[in-house]
2 protein chains.
Amino acid sequence: MILEKKKTFNAFAARQGLRSTRQRDIILDVFLATHEHLSVEELYLKVKASQPGIGQATVYRTLKLFVEAGLAREMMLPDGQTRYEHQLVGEHHDHLICTGCNAIIEFEDEQIEQLQRDIAKRHGFSLTAHKMQLFGLCPACSSKA
Amino acid sequence: MILEKKKTFNAFAARQGLRSTRQRDIILDVFLATHEHLSVEELYLKVKASQPGIGQATVYRTLKLFVEAGLAREMMLPDGQTRYEHQLVGEHHDHLICTGCNAIIEFEDEQIEQLQRDIAKRHGFSLTAHKMQLFGLCPACSSKA
DNA sequence: CAAGTTATTGAAAGTCGTTTTCAAAAGACC
DNA sequence: GGTCTTTTGAAAACGACTTTCAATAACTTG
Ligand SMILES: [Mn+2]
Ligand SMILES: [Mn+2]
Ligand SMILES: [Zn+2]
Ligand SMILES: [Zn+2]
């Protein structure tokens, strides 16, 4: 699975005439080893553990390549940092976010997706993407408050 | 209606012990005269037309007060600028955005809202807010492409 | 309404995430 | 290896916003 994603990226790189570098390999390994919604800074710190000399700019640049290659998705939470998460082909989910502890729960709701398509259609729009985030307090944070 | 909103703000200001200033009056007037989703910069330029000496920081500060007072809502589009729009008590809408011409269409969908509440409930969350934006091409932009 | 107190203001500096610049280093191809 | 390009890291630049601070304006009180 991880191997498959590496192949996806290598194929993308070849297609784009990108060179294969040690830095991109490490960043890809670190990214694929995570299962969260990490900010560039967080990723950068993890990457530096494997390879101290690596530059922040390279991490920024490389994550954008992952998005182009289709294996990462960019997301913005209200904290003003861009975060990246794995993107599986043909899959999509939205987020339920605890404003107390920043926990993120992923969900899919085909009914909502359909209603969204209906709304777009009603206005003659050709829909290309959407963003939906629900904010509240998770059970633990609710009981604390 | 505009008068009523001014009263809302004055009541808020009184409650908070805020002073009534010429700057806040002008910014409120300009804000209430708009019907779009304006960035701070756009608002600032409009405000400067009425009152050239006014500072950008004052516009930033004042718009936050409007949000606290409940008469404005803050929104973020992917362009990285905070925008403000009118907020009517008890009303809510989401946005359908054309990525071609940046047109914004507002919509409400009680079915989706209900499904969102269901999702939150299913995860034991107490929902406090949500953000939903649909992206695509409006009819005009679709036909161009 | 003058004096005293405190909030507000505008300009400029600071912050923070991100992007760009640029010279050195590394990859690709011969 | 030699040549041509891409990539890299450090540092500077950027852009939206926030903070600082001294001057000014709004209330309060006598
Ligand atoms: Mn996710
Ligand atoms: Mn709106
Ligand atoms: Zn929580
Ligand atoms: Zn359009």
Side-chain angles (χ1 to χ4, degrees), chain A residues 9-31 37-69 72-84 102, chain B residues 9-31 37-69 72-84 102:
Chain A
F9 182 68
N10 290 336
F12 167 82
R15 212 180 315 134
Q16 303 282 309
L18 300 179
R19 291 182 181 172
S20 136
T21 70
R22 192 171 33 81
Q23 287 88 333
R24 297 212 261 241
D25 286 349
I26 292 169
I27 297 169
L28 183 52
D29 282 342
V30 169
F31 176 68
H37 303 83
L38 295 180
S39 68
V40 183
E41 180 68 17
E42 288 165 343
L43 252 337
Y44 170 59
L45 292 175
K46 280 180 187 288
V47 165
K48 263 211 308 198
S50 305
Q51 225 278 321
I54 212 152
Q56 224 179 354
T58 303
V59 178
Y60 272 98
R61 289 187 276 236
T62 305
L63 285 168
K64 297 202 153 178
L65 291 179
F66 294 170
V67 173
E68 282 184 68
R73 174 157 70 128
E74 207 178 291
M75 67 180 291
M76 278 282 262
L77 263 40
D79 73 344
Q81 287 184 241
T82 305
R83 290 169 184 278
Y84 291 89
N102 298 312
Chain B
F9 183 68
N10 291 335
F12 167 82
R15 212 179 316 133
Q16 304 280 310
L18 301 179
R19 291 181 181 173
S20 138
T21 69
R22 191 171 34 82
Q23 287 88 335
R24 298 214 260 241
D25 286 350
I26 290 168
I27 297 170
L28 183 52
D29 282 342
V30 169
F31 176 67
H37 303 82
L38 295 180
S39 68
V40 183
E41 180 68 17
E42 288 164 344
L43 252 337
Y44 170 59
L45 292 176
K46 279 179 186 289
V47 165
K48 264 211 308 198
S50 304
Q51 224 280 319
I54 214 153
Q56 223 178 356
T58 302
V59 178
Y60 273 99
R61 290 188 275 236
T62 305
L63 285 168
K64 296 201 154 181
L65 291 179
F66 294 171
V67 173
E68 282 185 66
R73 173 156 71 128
E74 208 178 289
M75 66 178 294
M76 279 282 262
L77 263 41
D79 73 345
Q81 288 184 241
T82 305
R83 288 169 185 279
Y84 292 89
N102 297 313

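Letters A, B, ... are given to chains in the order of the sequence lines, protein chains preceding strands, and every chain is numbered from 1.
To the nearest angstrom, P of dT24(D) lies 13 Å from CD of Q23(B). Spacing between atom CD of Q51(B) and atom P of dA25(D) amounts to 11 Å, rounded to whole angstrom units. Atom pair N10(A):CG and dG27(C):C1' shows a separation of 15 Å (rounding to whole Å applied). Between the NZ atom of K48(A) and the P atom of dG9(D) there is a distance of 12 Å, given to the nearest Å. If you take CD of Q56(B) and C1' of dA13(C), they are 14 Å apart, rounded to a whole angstrom. Between the P atom of dT19(C) and the CG atom of D79(B) lies a distance of 14 Å, rounded to the nearest Å. Y44(A) has its OH atom 9 Å from the P atom of dG9(D), to the nearest Å. Distance CE (M76(B)) to P (dC17(D)): 7 Å, rounded to an integer number of Å.
Taking the six-membered ring for Trp and the full ring otherwise, the centers of Y84(A) and F31(A) sit at least 6.0 Å from each other.
The nearest heavy atom of DNA chain D to G55(A) and to L18(B) marks one nucleotide each, and the one closer to the 5' end goes with G55(A). Both T82(B) and S20(B) sit near DNA chain D, but only T82(B) has its closest nucleotide nearer the 5' end. Nearest-nucleotide positions on DNA chain C for R19(B) and R22(B) put R19(B) closer to the 5' end.
Contact between the side-chain N/O atoms of K64(B) and the OP1/OP2 oxygens of dC17(D) is not found at any separation under 4.0 Å. The side chain of Y60(A) places an N or O atom within less than 4.0 Å of a non-bridging phosphate oxygen (OP1 or OP2) of dT18(C). Under 4.0 angstrom from either OP1 or OP2 of dT8(D) there lies at least one side-chain N or O belonging to T21(A).
The two atoms that bring Q16(B) and E68(B) nearest to each other are OE1-OE1, 4.4 Å, heavy atoms only.
When the nucleotides dT8(D), dT18(C), dT19(D) are ranked by their closest atom to the side chain of V40(A), dT18(C) comes out on top. You'll find that the side chain of Q81(A) is closest to dG17(C), out of dT19(C), dA16(D), dG17(C).
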Evaluation steps, side-chain contact (heavy atoms from CB on, under 4.5 Å), between L38(B) and K46(B): CA-CA 10 Å; L38(B) 295 180; K46(B) 279 179 186 289; 3.9 Å; yes
When you look at L65(A) and R24(A), which way does the side-chain contact (heavy atoms from CB on, under 4.5 Å) test go after all the steps? CA-CA 10 Å; L65(A) 291 179; R24(A) 297 212 261 241; 3.5 Å; yes
Would I54(A) and I27(A) count as a side-chain contact (heavy atoms from CB on, under 4.5 Å) here? Give the steps. CA-CA 10 Å; I54(A) 212 152; I27(A) 297 169; 4.2 Å; yes
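Within 4.0 Å of S39(B), counting heavy atoms only, lies no atom of the nucleic acid at all.
One N or O donor and one acceptor, one from the side chain of R61(B) and one from the base of dG10(C), sit under 3.5 Å apart.
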